[in-house]
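Order of appearance sets the numbers: ligands from 1, and atoms from 1 within every ligand.
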Amino acid sequence: MERFVYLDHAATTPIDKEVLNEMLPYLTLNYGNASSLYSLGKKSKEAVEKARLQIADAINCNSNEIYFTSCGSESDNLALKGIAQANRNRGKHIITSSIEHPAILETCKTLEKDGFSISYVPVKENGIIDIEELKRLIRKDTILISIMMANNEVGTIQPIEEIGRIARLNNIIFHSDCVQAIGNLDIDVRKMNIDALSMSAHKFYAPKGIGALYIKSGIRFNRQQDGGHQEREKRAGTENVASIVGMGKAIEIAEKNRNVYNDKLKKLRNAYVKSVINLFSNVFVNGDMENRLSGNMNISFLGYKGAYLVGELDKRGICASSGSACSAGLPMPSNVLMNISHNVKIAESSLRITFGKENTMQDVEYLIYCLNEILTKK
Ligand code: PLP
């Protein structure tokens with residue numbers, strides 16, 4: 001019954017064929033530098049601007065509020081460092097959550113060394129941040145709040161519109177890391193009062209190595225990469241035209257099919273969790289069941305190490321994760337799960353399954369079959 005089943009879409013996704021086809025001409029015939037003034041360069045420039053518009057349309061902003069970067073981590077760095085540095089005359093206090101991705105948490109550590117003070121909002125047992133605590137943490141010198149829209153490990157969705165309202169009311173800039181959310185959730189930066197938003201193409205069936213940052217016009221931020229005049233002087237470097245084209249196409253496909261994909265993912269996820277609860281004892285579902293990404297299911301199999309389960313599944317052709325891909329190689333239990341459960345046994349024994357649009361019910365059956373084999377073997 002050996003098969004290959006990819007169930008780690010929160011780590012990365014395969015490139016959609018339609019996306020690849022859209023990209024190919026820019027890797028072969030249309031190789032012009034988007035800054036060049038002759039026709040070949042202009043073709044590249046047009047393609048970049050079309051993608052910028054596709055991305056802007058997906059989150060309801062203007063295309064001149066989108067800046068291309070190399071990945072989600074760079075977008076997070078540019079947003080936090082750029083905004084903090086340019087607004088330090090207004091205050092030096094930043095609020096974030098305890099379950100952010102390292103791209104935010106490590107950036108905050110660097111900002112601390114640069115004289116900023118950072119407060120971390122805790123999350124409740126369901127993985128949703130404590131809004132009352134967020135309100136309490138706001139100070140006169142708070143200049144920035146950065147809260148992710150959806151968590152990469154447990155998929156929990158934060159009350160972003162409410163946080164946006166609180167930030168606006170207190171005249172604080174609001175950034176959201178939407179790397180896991182974009183393509184999966186309906187995002188409207190105007191309605192949600194989001195001033196800055198990070199995204200990464202490889203999470204929605206486009207290539208790795210391309211990301212984008214939305215920054216609302218009027219918000220001051222310093223560039224972090226010096227050099228040429230690209231991206232309106234905010235991010236130097238020759239544009240990665242083919243990948244930008246892919247990112248634009250991929251977001252368009254994701255937006256068009258969002259409801260259909262989400263319905264499908266929910267069915268797969270629910271079938272999986274139902275079988276696990278029916279078949280196995282000592283299991284614990286991590287994170288809120290309602291407010292979570294459709295494709296995410298994070299379950300702790302108490303008594304087993306997550307890394308062991310991942311290894312055993314891999315032997316059977318299944319790709320899964322025991323935490324985020326970035327920390328999967330580390331010996332420590334997941335920071336996110338520790339912050340949610342405060343229980344090492346739960347944090348150490350978690351298995352993150354993230355379904356994608358090409359998965360089928362047969363994949364779920366195969367996963368359950370393999371888990372049964374692993375968990376019942378002596
Ligand atoms: N933020 C979140 C929530 C993520 O899940 C990730 C990647 O997994 C990143 C940021 C970093 O994105 P990238 O891998 O494109 O640097």
I'd like to know if Arg190 and Asp188 make a salt bridge, using a cut-off of under 4.0 Å between side-chain N and carboxylate O. no
Check each of Gly211, Ser73, Ala150, Gly209 against atom 11 (C) of ligand 1 and report the one with the nearest heavy atom. Ser73
Considering only NZ, NE, NH1 and NH2 on the basic side and carboxylate oxygens on the acidic side, decide whether Arg168 and Asp195 come within less than 4.0 Å. yes
Out of Ser75, Gly72, Ala103, Pro102, whose heavy atom sits nearest atom 12 (O) of ligand 1? Gly72
The one among His202, His101, Met148 that brings a heavy atom closest to atom 4 (C) of ligand 1: His101
Quick one: list whatever passes salt bridge (Lys or Arg N to Asp or Glu O under 4.0 Å) with Glu373, sequence neighbours left out. Arg316
Find all atoms of ligand 1 within a distance of less than 4.0 Å from any non-hydrogen atom belonging to Asp76, and give their numbers and elements. 1 (N), 10 (C)
A student checking ligand 1 against Ser200 at a 4.0 Å heavy-atom cut-off should list atoms 13 (P), 15 (O)
Are any of the N/O atoms in Asn152 less than 3.5 Å from those in ligand 1? no
Does Arg136 come within less than 4.0 Å of Glu133, counting only side-chain N to carboxylate O? yes
Has ligand 1 got any nitrogen or oxygen that is less than 3.5 angstrom from a nitrogen or oxygen of Val179? no
Would you kindly specify which portion of Ile104 sits under 4.0 Å from ligand 1, judged on non-hydrogen atoms: side chain, backbone, both or neither? neither
Lys264: salt bridge (Lys or Arg N to Asp or Glu O under 4.0 Å) partners, not counting sequence neighbours: none
Exactly one candidate in Arg232, Glu233, Glu231 meets side-chain hydrogen bond (donor to acceptor under 3.5 Å, both in side chains) with His229; the answer is Glu233
Hey, are Asp8 and Arg352 close enough for a salt bridge, meaning a charged N less than 4.0 Å from a carboxylate O? yes
Does ligand 1 have any atom sitting under 4.0 Å from a heavy atom of Lys203? yes
